[in-house]
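Note that the coordinates shown come from a computational prediction; the quantities given were computed from them, not determined experimentally. Order of the sequence lines fixes the chain letters, A, B, ..., with proteins taken first and strands second; residue numbering starts at 1 for each chain. Any value given below was found using the heavy atoms of this structure, including those in side chains, with hydrogens, waters and symmetry copies removed.
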Amino acid sequence: MSLNHDLSDLFKTFAAVMEIKGESVFKAIAFTKVARVLNDMTFDIRTAVEQGTLDGIEGIGKSSRAIIEEFVRTGKSRDFEEVAATVPKGLIPMLDIPGLGPKTIALLWRERNITSVEELTKAIADGRLAGLKGVGDKKIEQISQGISLREQAGKRSGIGEAQLVAHAFLARIRALPGVAQADLAGSLRRRKETIGDLDIVASVTNLQAMESISQAFTRLDGVARVLGQGLTKASILTERNLQIDLRIVPHNHFGAAIQYFTGSKEHNVKLRGLALAKGLTLNEWGLYKAKEYEQAKKETGQPPELEPCASKTEADIYRALGLEYIEPELREDRGEIEAAAEGKLPVLITRADIRGDLHTHTTASDGVNTIAEMAEAAKRLGYKFLAITDHSKSQVVANGLTADRLLNHVEAIHKAAVNIEGIRLLAGCEVDILADGSLDFDESILKELDFVVASPHVALRQDREKATARIVRAIESRYVNVIGHPTGRLINQREGLPLDFSRIFAVAAATGTALEINSGYPRLDLTDTVARAAVEAGCVLSINTDAHSAEQLDGIFYGIQVARRAWVSPKDVINCMTTAQLDKFIKRKR
DNA sequence: GCCGTTTTCGGCCCGACTGTTTTCAGTCG
């Protein structure tokens, strides 16, 4: 898929160059969107070009299509190279410095011949920025801090880490005097797998309290630095360099504010475009009649003196725009607004739909709880079935089971099942998919199992062709029910296998093999966009915890969130089947 | 550059905060 990413990067850079050159911002926005669409794509762009299916994709117009086609054919774009040559390469990374934007970068380049972050650092030290119009001492200090911030920060936090910090701060904010309600917004509320910064919205019933809350927030425990603080808004950095933005609004505007702050930006842009087309205008204060809003009295930090069409709840806003309510996980501008307009949003899966976990470990391999303990924990979660799937022999570090040990373990599981009522125990195994796609046990062993998860653990740097053939071969085994964490990726740590998903989906759908959304953080594998494409291609999914302890069974929550972002309904997931349906699902393949 | 149930031309989301300004530009989300 690297071609998609290469092209996405090209459009991103193209947009950056246009910003610095001061061309129409709309051109840059358009190319930024093309970059996003390419990045989200789960099919190979080369195939789309060859099959001529590039036409129908929203956001990719005539010019972009020409660039894509040329790049697929020749590996480059003359248009891009021509434009890029007019701007020094070193200016592009300067855009990542917080507080420094395209206008100032262009100014530094033209007036001081600064063409890289390194030169900028030196120029600041030498005092060469003095006398630049619009750049004072404070601005220079801000840029200087921005440079060091960029070096430390870099990566987005994984949802697992961000969540802990978010809940700690949310609790502290809720405890501040005058706060009526406070909730998470931003990408964490949308349950994105990585989080850039945390957004929290608080409401007040007494407007006088707003500023004192804003101030108190910047003095909370765990605040390392204050980035900005106004009447209704404040930003801080935590000790771990995570940025938190707090927005404070009057209580009857809470819905509008949390809608606005939840984003995504792209979702909101489209929503406001829709509002405009209906003669309305949408902002963080509410949804208003556009003409009235224009004439209304407005003051910074205060709602306009005007009755909104909607503002109290998010549901009110979506309804007033003629849309079904859109769950936060869907708000990415991936077709949800169009679907909501037609009343065709999916019924999203919830925790209550899950009837069992199909990928778990015990003390037999590298888990910490026994069969009975895992079964009791599953029962407490209300589950009707549980597959015990300890590691196979190649996973030596994980105490993987040899054939003999596995057969004994199967017997032990069946024996344990006799003593445990109300839950069906499946004796399974997480069998390694070896580098060539063969399985760690042969069929004489596999046929003794009730359930098989096959997963790749090693050789995760294979090329696309090899990796795809490997997983396809595993799917074709009649005993394999689920492909566990199909790519092996780890958030912020490991890319995983570069699979050709359209081939994987075709074989998985044809054979009745489920693809896993592994709920273990930082796996979360498959990802949201891939899982969605899988379902659209006719595949079924399995959401499992890969729990190595009874406690970890609770982690199913992460996988469900990925599934919700993937537009997944209960009917798409084998964990939502009744036990009888699950038996049928397993039998059908054998 | 992209797009079209008010448009094939003329729009394109919107407000808060900061800094350098005496009325606004740049940046951010």
Side-chain angles (χ1 to χ4, degrees), chain A residues 11 14-15 18-19 22-35 37 55 57-68 79-80 83 94-108 131-143 145-146 185-187 196-201 210 214 226-235 243-249 253 256-257 259-288 290 293-294 298-304 322 333 341:
Chain A
F11 277 100
F14 212 151
M18 290 193 295
E19 279 190 318
E23 288 185 31
S24 151
V25 287
F26 298 111
K27 281 194 194 182
I29 290 172
F31 274 175
T32 306
K33 177 163 183 177
V34 175
V37 169
D55 266 353
I57 302 173
E58 195 209 317
I60 300 182
K62 225 171 139 188
S63 305
S64 306
R65 202 174 60 218
I67 292 171
I68 293 171
D79 273 358
F80 169 71
V83 176
M94 286 168 68
L95 282 167
D96 295 334
I97 300 171
L100 189 62
K103 296 285 194 316
T104 314
I105 291 171
L107 183 78
L108 293 169
L132 266 182
K133 194 172 174 244
V135 181
D137 288 348
K138 280 193 174 170
K139 190 78 203 170
I140 293 172
E141 175 56 23
Q142 197 185 54
I143 294 171
Q145 286 195 0
S187 49
D197 55 22
L198 299 178
D199 297 290
I200 297 177
V201 179
M210 287 170 75
S214 163
V226 180
L227 297 174
Q229 190 240 312
L231 254 177
T232 66
K233 202 172 163 177
S235 297
Q243 182 174 333
I244 305 183
D245 298 329
L246 175 68
R247 178 66 197 260
I248 306 144
V249 297
H253 294 270
Q259 194 289 320
Y260 171 84
F261 252 59
T262 296
S264 68
K265 198 169 145 188
E266 292 80 8
H267 173 89
N268 283 352
V269 166
K270 185 165 274 183
L271 213 55
R272 290 191 199 119
L274 183 70
L276 272 187
K278 291 180 187 285
L280 303 168
T281 183
L282 176 65
N283 56 43
E284 56 247 68
W285 299 110
L287 183 68
Y288 298 89
Y293 186 80
E294 231 169 274
K298 280 159 283 192
E299 240 176 275
T300 295
Q302 281 177 34
D333 186 25

Expressed as a whole number of Å, how far does the [atom1] atom of [N] sit from that of [M]?
| N | M | atom1 | result |
| --- | --- | --- | --- |
| dC14(B) | dT8(B) | C1' | 28 Å |
| dT21(B) | dG26(B) | C1' | 12 Å |
| dC2(B) | dT6(B) | P | 23 Å |
| dC28(B) | dT20(B) | P | 15 Å |
| dC17(B) | dC12(B) | P | 25 Å |

Which distance, rounded to the nearest 0.5 Å, do you find between the [atom1] of [X] and the [atom2] of [Y]?
| X | Y | atom1 | atom2 | value |
| --- | --- | --- | --- | --- |
| I29(A) | K27(A) | CD1 | NZ | 13.0 Å |
| D199(A) | Q243(A) | CG | CD | 8.5 Å |
| L280(A) | L287(A) | CG | CG | 5.0 Å |
| R65(A) | D55(A) | CZ | CG | 4.5 Å |
| L95(A) | T104(A) | CG | OG1 | 10.5 Å |
| K233(A) | L246(A) | NZ | CG | 11.0 Å |

Using a 4.0 Å heavy-atom cut-off, does [X] contact any base of the nucleic acid, only the sugar-phosphate backbone, or nothing at all?
| X | value |
| --- | --- |
| Y293(A) | sugar-phosphate |
| Y260(A) | base |
| S64(A) | sugar-phosphate |
| N268(A) | nothing |
| I97(A) | sugar-phosphate |
| I29(A) | nothing |
| F31(A) | sugar-phosphate |

Check: What is the ring orientation for F31(A) with F14(A), classed by angle as parallel under 30°, tilted 30 to 60°, or perpendicular over 60°?
Finding: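 Plane angle between 30° and 60°, so tilted.
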Name the closest nucleotide to the [X] side chain, picking from [options].
| X | options | result |
| --- | --- | --- |
| N283(A) | dG29(B), dG15(B), dG1(B) | dG15(B) |
| E284(A) | dG1(B), dG15(B), dC28(B) | dG15(B) |
| R247(A) | dG26(B), dG1(B), dA16(B) | dA16(B) |

Taking [atom1] from [X] and [atom2] from [N], how many angstroms apart are they, rounded to a whole number?
| X | N | atom1 | atom2 | result |
| --- | --- | --- | --- | --- |
| L198(A) | dG29(B) | CG | C1' | 14 Å |
| I67(A) | dG1(B) | CD1 | C1' | 9 Å |
| I57(A) | dC3(B) | CD1 | P | 11 Å |
| L287(A) | dG15(B) | CG | C1' | 16 Å |
| K265(A) | dT27(B) | NZ | P | 13 Å |
| L100(A) | dG29(B) | CG | P | 13 Å |
| K33(A) | dC12(B) | NZ | C1' | 11 Å |
| Q243(A) | dT27(B) | CD | P | 17 Å |

Checklist line | Pairwise salt bridge (Lys or Arg N to Asp or Glu O under 4.0 Å) hits with a residue in residues 279-288 of chain A, at least two apart | finding: R247(A)-E284(A)
Note to self: Under a 3.5 Å distance rule, please check whether S214(A) uses its side chain to pair with a backbone N or O of G230(A) as donor and acceptor.
What the structure shows: yes
Check: Any donor and acceptor pair, going by atom type alone, linking the side chain of T32(A) with main-chain N or O of A28(A) inside 3.5 Å?
Finding: yes
Next item on the list: Could you say whether K62(A) or L280(A) is positioned toward the 5' end of DNA chain B, judged by the nucleotide with the nearest heavy atom to each?
Entry: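 Closer to the 5' end of DNA chain B: K62(A).
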Note to self: Can you work out whether G59(A) or W285(A) has the more 5'-proximal nearest nucleotide on DNA chain B?
What the structure shows: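 Counting from the 5' end, the first nearest nucleotide belongs to G59(A).
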Next item on the list: For Y288(A), enumerate each residue passing the ring-ring contact (aromatic ring centres under 6.0 Å, His included) test, keeping only those at least two apart in sequence or located in another chain.
Entry: Y293(A)
Margin query: Can you confirm whether more than 12 heavy atoms, excluding those of K138(A), are under 6.0 Å from its NZ atom?
Written below: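 Counting neighbours around NZ of K138(A), 12 or fewer heavy atoms of other residues, nucleotides or ligands fall under 6.0 Å, so no.
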Next item on the list: Hunt down the Watson-Crick or G-U wobble partner of dC17(B), both distances under 3.5 Å, from any strand shown, or write none.
Entry: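 dG26(B) is the nucleotide pairing with dC17(B).
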Show each protein N/O and nucleotides 17-21 of chain B N/O combination with a separation under 3.5 Å, one pair to a line.
from    : atom 1 : to      : atom 2 : distance (Å)
dC17(B) : OP1    : L231(A) : N      : 3.4
dC17(B) : OP1    : T232(A) : N      : 3.2
dC17(B) : OP1    : T232(A) : OG1    : 3.2
dC17(B) : OP1    : K233(A) : N      : 3.3
dT18(B) : OP1    : Q229(A) : N      : 2.9
dT20(B) : OP1    : G136(A) : N      : 2.6
dT20(B) : OP1    : G136(A) : O      : 3.1
dT20(B) : OP1    : D137(A) : N      : 3.4
dT20(B) : OP1    : K139(A) : N      : 3.2

Margin query: Does a side-chain N or O of T281(A) approach OP1 or OP2 of dC14(B) to a distance below 4.0 Å, or not?
Written below: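 The answer is yes; a side-chain N or O of T281(A) sits under 4.0 Å from OP1 or OP2.
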Please tabulate, one pair per line, each protein N/O and nucleotide N/O from nucleotides 4-9 of chain B that are separated by under 3.5 Å, including the distance.
none

Notebook entry, point to check: Is the shortest side-chain N to carboxylate O distance from D333(A) to K265(A) below 4.0 Å?
Noted result: no
Notebook entry, point to check: What residues, two or more places apart in sequence or in another chain, satisfy side-chain contact (heavy atoms from CB on, under 4.5 Å) together with A35(A)?
Noted result: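 For A35(A) the side-chain contact (heavy atoms from CB on, under 4.5 Å) partners, ignoring immediate neighbours, are S8(A), F11(A), K12(A).
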Could you run down the sub-3.5 Å N/O contacts of the protein with nucleotides 22-25 of chain B?
none

